[in-house]
Amino acid sequence: MTTSQIAPEVAERVHEGLNPAQRAAASHGAGPLLIVAGAGTGKTNTLAHRVAYLIASGITPNRILLLTFTRRAAGEMKRRVDALLRRVATGDERLPETLSGAKVWGGTFHSVAARLLRVHGRDIGLEPNFTILDRADAEDLMHLCRTELALGKQGRRFPQKGTCLDIYSRCVNAQLPLEDILRTVFPWCKEDAEDLRRLFVEYTDTKESRQILDYDDLLLFWRGLLDSPAGDRVRERFDAVLIDEYQDTNALQADIVALLRPDGTGVTAVGDDAQAVYSFRAATIRNILEFPQRFEGTTVLTLEQNYRSTQPVLDATNAIIAASSQRYDKTLWTDRDGGARPALVTCRDEVEQTDYVIERILGHREEGLALKQQAVLFRAAHHSAALELELSRRNIPFYKYGGLKFVEMAHVKDLSSFLRLAENPLDSMAGLRVLQLIPGVGPRIAAALMDALRDANGDFDTWVSWRPPEISVKTWPDFVGLMRNLAHAPSTDVSAQLHAARIFYAPLAEQRYDNAAARLADLEQIEMLGSRFNDRARFLAEMTLDAPNWTGDFAQPPTLDEDFLILSTIHSAKGLEWDAVYVIHAADGNIPADLACGSAEEIEEERRLFYVACTRAKDHLYVLHPLRYYAAGRGFSDRYGYAQRTRFVPDTLRPLFAESQARPTSDEADAESGGIEATTTRIREGIKAMW
DNA sequence: CTCCGTGCTGTTTTT
DNA sequence: CAGCACGGAG
């Protein structure tokens with residue numbers, strides 16, 4: 001790492017406002033650095049300061065690689081670094097040139113991989129027009145391969161396509177042999193090892209021949225590139241590599257970091273082993289625990305001063321995580337005195353929980369807390385269904401993170417598939433999808449047409465002579481014309497291409513969907529969005545790799561400037577904070593999820609997840625658990641269960657909480673019938689409101 | 001071959 | 001109540 005000496009007064013300006021530990025982290029020298037940063041200790045801020053410090057000390061911004069967990073985090077980081085640099089530049093003549101759009105390489109492992117492979121892929125035999133399969137595409141491809149090999153037709157039932165992909169992905173990301181993964185994670189599929197092996201070979205071959213990459217390939221090929229003779233060309237690009245949320249990286253990602261900076265110089269990893277919640281994606285806290293062994297001469301710095309939460313909230317969250325066997329010991333403290341103990345609220349059922357949460361939210365808003373400063377968190381996306389319904393009914397605007405994503409909706413995928421096919425005519429997943437939109441064209445014909453296209457080296461002219469079924473004789477030439485135009489269009493004009501595709505697609509969508517108008521409106525939004533891009537491949541990649549945040553950009557109720565409540569899965573809430581946080585369905589079965597109680601490790605992860613949820617709160621924390629809950633999915637009708645409060649708040653921790661009932665206990669006697677009556681009344685009101 | 005109706009099954013978190 | 005697999009009609 002080539003850092004020139006940094007002037008003390010410049011350093012002082014960079015570090016303004018940091019505490020001593022943060023300061024040490026931000027201005028650390030070239031040796032490998034691990035920052036163990038507890039929740040709310042200013043991790044993001046410290047990392048931003050470190051980036052600014054590196055730039056101020058002479059490293060060119062585009063020689064810094066900043067790997068974050070989400071695109072949102074990347075954007076936030078960039079904003080802060082820019083602000084810092086602006087502050088530093090004041091009165092300094094040497095710096096302004098580095099300022100204008102400090103182009104730090106940033107993004108998720110996956111999106112950075114896509115960009116690097118676009119440039120260097122040829123060196124390892126990858127054409128730059130490769131396209132990327134999202135999760136659903138990958139599953140569908142797995143399914144096609146399974147049918148191809150006639151698996152699951154021998155009487156025994158074969159694992160589902162999603163399960164197959166999970167197994168495959170787990171092997172790749174954990175870098176472990178199939179047997180190990182089957183034995184430890186998917187024991188009920190042990191019998192299928194041989195067939196799975198065949199399936200995975202077929203899957204891999206198909207992807208290769210079609211020049212399509214799945215999520216895992218992006219990491220795999222990035223590592224392969226670094227491991228190849230061309231690896232130096234990638235290594236030479238970067239002087240510094242910083243990785244956020246290191247506790248949630250997997251073996252493959254750790255390999256990539258090590259290959260980027262083999263001796264560890266210039267590596268900065270930030271993370272908190274107490275917040276590791278992605279082991280289902282093969283993330284392993286061994287990466288953070290063993291970082292010092294992997295990189296000799298590592299400096300470990302710990303951030304323990306919490307700036308986020310009040311003392312009572314921190315007392316509770318510290319106690320929750322104390323029960324865990326975390327390895328990097330740290331005790332968070334704060335000087336934010338005062339504030340109330342977090343609330344532990346018992347509700348009779350989900351209706352009561354919903355009402356309670358909404359009342360509190362509105363109450364806080366009365367006191368001046370905007371909806372945006374409050375969030376409701378839950379374990380699984382569907383846990384918020386009842387709440388969403390009631391919020392809509394009461395016209396309380398909200399926005400939900402996690403769960404179904406905008407770009408995964410059928411019509412959005414349809415539209416982007418036109419561009420994907422134009423970008424890479426071998427992309428059979430995009431091709432099959434687009435072709436089957438045409439009436440009279442099903443899987444068989446579509447497959448034949450894609451084969452023909454491949455034989456013609458991707459020249460769409462080969463489709464001109466094909467005679468479609470009667471119903472589509474008119475549509476077909478338009479379609480072929482569209483594809484030819486898209487293929488020859490300058491790749492820069494993304495929104496024009498989207499427009500052309502939309503015009504063709506609109507009538508098909510109208511036939512296909514009963515709510516076509518709404519869907520077509522979405523597509524206009526996509527088109528607008530396309531105008532922000534000047535590169536089709538980049539557009540398509542971001543579309544699949546950075547999907548979640550796109551929803552935040554526009555796919556919401558038309559209230560973007562207005563105030564709205566945040567609903568989020570706990571996983572999607574990572575790294576965020578709100579003044580008031582409501583953790584709902586915090587009852588055994590949901591937290592921890594009964595599907596995740598197979599082993600002690602899994603339960604520990606659920607505990608950390610609960611910890612992550614609670615540590616999002618600055619001033620007000622509510623943990624709610626309905627006694628009676630609707631066990632979604634276990635058959636319909638009246639499958640209600642009686643839930644224990646979450647085991648992560650055992651009796652010993654109760655003094656740290658203010659316990660209450662959602663309704664006064666005096667109602668107990670008549671509450672049962674009263675509650676039910678209230679429900680039926682509400683249903684009737686709802687029906688009346690419909691006319 | 002496509003398309004549509006019927007019946008079975010299965011459930012988390014995300015790049 | 002889905003989303004998917006399978007069977008039969010056109």
Side-chain angles (χ1 to χ4, degrees), chain A residues 67-74 107-114 132-136 138-140 143 146-147 152-153 157-163 165-166 169 172-173 213-219 245 248-250 252-253 276-283 377-383 385 401-405 407-408 410 435-436 438-448 468-472 512 541-549 568-574 585 589-598 602 605-606 608-610 612-613 630-637:
Chain A
L67 294 162
T68 50
F69 201 74
T70 61
R71 183 167 169 265
R72 169 129 80 359
T108 62
F109 273 87
H110 296 266
S111 76
V112 169
I132 300 165
L133 301 182
D134 67 14
R135 164 94 207 188
E139 281 186 13
D140 289 346
H143 177 70
R146 192 175 54 171
T147 333
K153 296 237 163 160
R157 68 162 185 274
F158 198 69
Q160 296 220 326
K161 58 181 180 179
T163 313
L165 187 65
D166 284 342
S169 188
V172 170
N173 283 290
L213 307 192
D214 62 18
Y215 287 142
D216 302 330
D217 289 331
L218 290 168
L219 301 184
E245 308 279 11
D248 285 321
T249 55
N250 62 38
L252 193 45
Q253 291 166 321
V277 291
Y278 276 87
S279 70
F280 68 92
R281 228 168 68 184
L377 306 183
F378 34 87
R379 175 67 175 85
H382 69 262
H383 286 165
Y401 287 96
L404 213 73
K405 278 173 219 138
V407 294
E408 284 166 3
L435 285 165
Q436 286 177 85
I438 293 161
V441 178
R444 286 312 252 266
I445 292 179
E470 198 50 42
I471 187 166
S472 291
R512 212 176 183 74
E542 304 239 334
M543 189 98 165
T544 43
L545 297 177
D546 292 322
N549 312 289
S568 175
T569 59
I570 301 172
H571 282 92
S572 298
K574 198 166 76 142
H585 286 295
N590 288 334
I591 302 179
D594 46 13
L595 287 165
C597 290
E602 280 183 293
E605 175 142 326
E606 295 289 305
R608 293 192 296 265
L609 195 57
F610 182 59
V612 167
Y630 167 60
R634 306 239 180 137
F636 200 58
S637 75

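Convention: sequence-line order gives letters A, B, ...; per-chain numbering from 1. Not measured: the values here are computed from a predicted model. The analysis underlying the following values was restricted to heavy atoms, covering all of them including side chains, and did not include hydrogens, waters or symmetry mates.
- Checking B/dT12, B/dT14, B/dT15 against every side-chain atom of A/His110, the shortest atom distance belongs to B/dT15.
- A/Leu252 places its CG atom 17 Å from the P atom of B/dT15, with the value rounded to the nearest Å.
- Atom NZ in A/Lys574 sits about 21 Å away from atom P in B/dT12, given to the nearest Å.
- Listed pair A/Arg146 / C/dA5 meets the phosphate criterion, a side-chain N or O lying under 4.0 Å from OP1 or OP2.
- Rounded to a whole Å, the CZ atom of A/Phe69 is 10 Å from the P atom of B/dT14.
- Within 4.0 Å of A/Lys161, counting heavy atoms only, lie sugar-phosphate atoms of the nucleic acid but no base atom.
- Following rounding to the nearest Å, A/His143 (NE2) and C/dG3 (P) show an atom-to-atom distance of 15 Å.
- Listed by chain and number, the residues in a ring-ring contact (aromatic ring centres under 6.0 Å, His included) with A/Phe378 amount to none (sequence neighbours excluded).
- Applying the 5.5 angstrom centroid cut-off and the 30 degree plane-angle cut-off, the aromatic ring of A/Tyr278 is not stacked upon the base of B/dT13.
- Among the atoms of the strands shown, none is found under 4.0 Å from any heavy atom of A/His383.
- For A/Asp217, the side-chain hydrogen bond (donor to acceptor under 3.5 Å, both in side chains) partners are A/Lys207, not counting sequence neighbours.
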Could you write out each protein N or O paired with an N or O of nucleotides 1-5 of chain B at a distance under 3.5 Å?
| unit_1 | atom_1 | unit_2 | atom_2 | d |
| --- | --- | --- | --- | --- |
| B/dC1 | OP1 | A/Arg444 | NE | 3.3 |
| B/dC1 | OP2 | A/Arg444 | NE | 3.1 |
| B/dC1 | OP2 | A/Arg444 | NH2 | 3.4 |
| B/dT2 | OP1 | A/Gly442 | N | 2.8 |
| B/dT2 | OP1 | A/Gly442 | O | 3.1 |
| B/dT2 | OP1 | A/Arg444 | N | 3.4 |
| B/dT2 | OP1 | A/Ile445 | N | 3.1 |
| B/dT2 | OP2 | A/Arg444 | N | 3.4 |
| B/dT2 | O5' | A/Gly442 | N | 3.4 |
| B/dC3 | OP1 | A/Gly440 | N | 2.9 |

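- Rounded to a whole Å, the OH atom of A/Tyr215 is 6 Å from the C1' atom of B/dT15.
- Atom C1' of nucleotide B/dT15 and atom CG of A/Asp248 are separated by 12 Å, given to the nearest angstrom.
- Every residue was checked against the side-chain hydrogen bond (donor to acceptor under 3.5 Å, both in side chains) condition with A/Arg281, not counting sequence neighbours, and none meets it.
- Taking atom P in both B/dT13 and C/dC4, the straight-line distance is 16 Å, to the nearest Å.
- Between the CZ atom of A/Phe109 and the P atom of B/dT15 there is a distance of 14 Å, rounded to whole Å.
- Ring geometry for A/His585 versus A/His383: interplanar angle of 30 to 60°, hence tilted.
- Contact check, A/Thr569 against B/dT14: a side-chain N or O comes under 4.0 Å of OP1 or OP2.
- A/Asp216 is linked by a side-chain hydrogen bond (donor to acceptor under 3.5 Å, both in side chains) to A/Ser169, A/Asn173, counting only residues two or more places apart in sequence or in another chain.
- Scored by the side-chain hydrogen bond (donor to acceptor under 3.5 Å, both in side chains) test, A/Glu606 finds A/Arg379 as partners (sequence neighbours excluded).
- Remark: side-chain polar atoms of A/Asp134 are not paired, donor with acceptor, to backbone N or O of A/Thr544 under 3.5 angstrom.
- When the C1' atom of B/dT15 is taken as reference, atom CG of A/Leu67 falls 13 Å away, rounded to whole Å.
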